[in-house]
Every structure is written in C-alpha cells, then in structure tokens.
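Inspection log for the structure reproduced underneath, given as structure tokens.
Note that these values count all heavy atoms, side chains included, but never hydrogens, waters or copies made by symmetry. These figures come from a predicted structure and were not determined experimentally. Quick note: residue numbers are just sequence positions, from 1.
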Amino acid sequence: MNRGFFYFLFLLFFVSGITLQAQNKQLPKVHHAEPLYLDLVRDLGARKGEKELNVGMEFSKNNNYNEFTYLTEYEFAPVDRLGLEVEADFSFYNNRKNEAKKMNHELEALRFSSQYSFYVSEKSQTTLAVGYSQILDFNDFKNFNDKQIVVGTNYNPFFIAAKRWGNNWHTLLFFSPILEESFEHDEWGMRWEFNSSIYYNLPGTGHYVGLEFNEALEHDEFSMVIHPEVKLKVNEQLAVGLVNGFSVNHHSENFSLFGRLIYEL
C-alpha cells in the first residue's frame with residue numbers, strides 16, 4: 001500500500017509541473033465529439049472551473065462467465081486546458097465454469113489521471129493533448145483481510161489528437177503504452193493501446209453517432225473491439241451514452257453493452 005501512495009504522490013508532482021504552464025487568460029477551445037467507452041479525462045481544451053460526474057455500467061458476455069462492471073468518475077479543470085480525474089471501477093461475475101479463471105466480486109481499480117491540451121487551433125479545428133494515468137489494481141473483496149489489498153499498478157502515459165471536419169464530422173486518435181507491475185508475483189508486463197474514433201454530430205442538436213475502435217497489442221497478440229455508440233443530449237447539463245461492443249478476434253468475449261450517464265456540474 002505504501003508503494004501505491006508513492007505513485008499517487010508522483011502523479012501530483014506531474015500535475016503540478018503541467019499546471020505551471022497553464023495560462024489564466026481566456027484561451028481558444030474547439031468542440032470535439034469524444035469517445036464514450038474509453039472517455040477522456042476532461043474535454044479537450046478544458047476551461048477552468050469545468051466539472052463533470054460520470055456513472056457507467058457494462059455487461060459483457062463471455063464463453064465461461066458474465067461480467068458486470070460499474071464505474072464512477074469525477075472530472076474537473078483547476079486551470080485552463082488541464083483536466084484531472086478520479087475513477088473507481090467495480091466488477092461482479094456470475095455463471096462461472098471450471099475452466100474460467102478465478103474471479104470474484106472486486107473493487108477492480110482506482111485511477112488517478114491528468115490531461116493537458118498543449119495545442120488548440122481554431123483555424124485548423126485541431127487539438128493535441130498529453131496525459132498520464134496511475135492505475136491501482138485491487139485484490140478480491142474476500143481476500144482483503146488476509147492478503148495484500150493493492151496487488152499491482154499500471155503506468156499509463158497517453159497522447160491524443162482530435163480534429164473537427166466542418167460542422168458535423170469529428171475524428172480522434174488515442175495512443176498509449178501501458179507498463180504493468182504485479183506486486184503479488186513481482187512481474188512486469190507491457191501492452192500497447194491504439195484507439196481511433198469517428199463521429200457525426202446531428203445538425204442543430206447535441207446528439208451524435210459514431211464508431212470507436214479499441215485496439216491492443218500484448219505479447220505479440222493483436223486484439224480489437226468495435227464499439228458503435230450514440231450520445232443523446234437531454235439538456236445543457238445531462239447526457240446519456242449508449243455503446244455496443246463486438247470483439248473482432250478475441251474469441252472468449254462474445255459481445256458487450258455499456259451505458260454512461262454524464263452530468264456537468
């Protein structure tokens with residue numbers, strides 16, 4: 001647990017260094033349609049004082065078990081262009097078979113993230129950003145009393161490039177190497193994630209439809225999940241996101257359904 005606290009302090013120092021570069025004057029901002037499944041820390045080009053609360057639920061059907069995942073996120077911008085986020089993920093499993101790996105109800109992870117938009121161009125309708133997430137992995141609930149609570153951590157820097165094409169079309173690229181450390185087994189691993197998305201904003205509304213492609217490379221094995229999604233703007237503060245998931249080459253996962261409730265404070 002001491003190591004987890006050390007990594008959290010590291011994140012705070014990282015955020016402090018970026019904050020020194022942020023400006024207090026009113027800066028340009030380009031509106032981008034952003035992913036619903038792998039969402040961003042805060043709006044690209046965030047403005048000081050922006051706050052958002054997200055609640056999400058996912059159901060995924062696998063060959064050997066069903067998984068229910070719940071998440072809660074709190075996002076805020078302490079200064080212009082800098083977004084911070086705290087997220088908690090919970091997982092619950094049922095219908096497990098003998099060949100399924102041992103899984104139980106668990107607080108799956110805590111995520112502490114920062115994101116800074118270092119380039120915003122209204123002329124080219126483009127925004128570039130960098131960020132970092134420190135992810136703490138937890139043991140199963142039933143093992144909290146007699147085993148290590150924090151079983152590992154992930155070091156997760158990332159880069160984002162987003163462009164708006166005219167009034168209604170939006171594209172976004174997300175690239176991230178993830179370094180994984182297991183405290184239980186004293187092991188290290190590496191995987192790479194590359195996510196791309198394209199969206200169409202329905203004219204005159206805050207609604208949009210699109211596709212999100214979530215790709216990963218780990219141990220020389222490539223996997224991809226395609227997420228068709230729609231965002232419905234209920235009012236100025238509230239929006240609902242609906243996402244379906246289809247695995248292209250991961251044979252153990254059949255499909256998934258995900259919903260996200262987005263509330264701007």
Check whether any side-chain N or O of [X] sits under 3.5 Å from a backbone N or O of [Y] as a donor-acceptor pair, and report yes or no.
X    : Y    : answer
N54  : R260 : no
N156 : Y132 : no
R164 : T127 : no
S60  : S256 : no
Q125 : K163 : no
S117 : Y119 : no

### Task
Decide if the gap between the ring center of F90 and the ring center of F92 is smaller than 6.0 angstrom.
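No - the distance between ring centres of F90 and F92 does not fall below the 6.0 Å cut-off.
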### Query
With sequence neighbours left out, what residues match T126 under side-chain hydrogen bond (donor to acceptor under 3.5 Å, both in side chains)?
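Listed in chain order: S124.
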#### Entry: Under the side-chain hydrogen bond (donor to acceptor under 3.5 Å, both in side chains) test, residues paired with S197 that sit two or more places apart
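Not a single residue meets the side-chain hydrogen bond (donor to acceptor under 3.5 Å, both in side chains) criterion with S197.
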### Minimum-distance pair of heavy atoms, taken over all atoms of H207 and T205
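Taking H207 first and T205 second, the nearest heavy atoms are N-OG1, 3.1 Å.
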Quick check: is [Y] connected to [X] through a chain of hydrophobic side chains (ILVMFWY, heavy atoms under 4.5 Å apart)?
X    : Y    : result
L110 : Y70  : yes
L40  : V30  : no
L44  : V130 : no
L84  : L38  : no
L261 : Y74  : yes

Donor-acceptor pairs under 3.5 angstrom involving side-chain atoms of residues 232-246: please list them, not counting sequence neighbours.
residue	atom	partner	partner atom	Å
N235	OD1	Q237	N	2.9
N235	OD1	L238	N	2.8
Q237	NE2	E264	O	3.3

### Message
Taking side-chain hydrogen bond (donor to acceptor under 3.5 Å, both in side chains) as the criterion, tell me which of E34, E52, Q115 meets it with R42.
### Response
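With R42 as partner, E34, E52, Q115 yield a single side-chain hydrogen bond (donor to acceptor under 3.5 Å, both in side chains), made by E52.
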### Query
side chain to side chain contact (heavy atoms under 4.5 Å, CB included) between M57 and T69: does it pass, once the steps are laid out?
CA-CA 6 Å; M57 184 185 77; T69 303; over 6 Å; no
[X] side chain to [Y] side chain, donor-acceptor N/O pair below 3.5 angstrom:
X    : Y    : value
S133 : S113 : yes
Y155 : E181 : yes
T153 : Q134 : yes
E221 : S223 : no

### Query
Between F159 and F174, does a ring pair (Phe, Tyr, Trp, His ring centres under 6.0 Å) hold up when you go through it step by step?
CA-CA 6 Å; F159 170 79; F174 178 101; 9.3 Å; no
In a table with atom names and distances, give each donor-acceptor pair under 3.5 Å that connects a side chain of residues 189-196 to protein atoms at least two apart or in another chain.
residue	atom	partner	partner atom	Å
R191	NE	E193	OE2	3.4
R191	NH1	E180	OE2	2.1
R191	NH2	E193	OE2	3.4
N195	OD1	N214	ND2	3.0
N195	OD1	E215	N	3.4

### Query
ring pair (Phe, Tyr, Trp, His ring centres under 6.0 Å): which pairs involve residues 208-227, sequence neighbours left out?
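Non-adjacent pairs meeting ring pair (Phe, Tyr, Trp, His ring centres under 6.0 Å): Y37-H227, Y199-Y208.
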### Message
Test: salt bridge (Lys or Arg N to Asp or Glu O under 4.0 Å). Region: residues 111-137. Which pairs qualify, not counting sequence neighbours?
### Response
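Found E87-R111, D89-R111.
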#### Entry: Distance, nearest 0.5 Å, that separates CG of L36 from CD1 of I262
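Spacing of CG (L36) from CD1 (I262) equals 5.5 Å.
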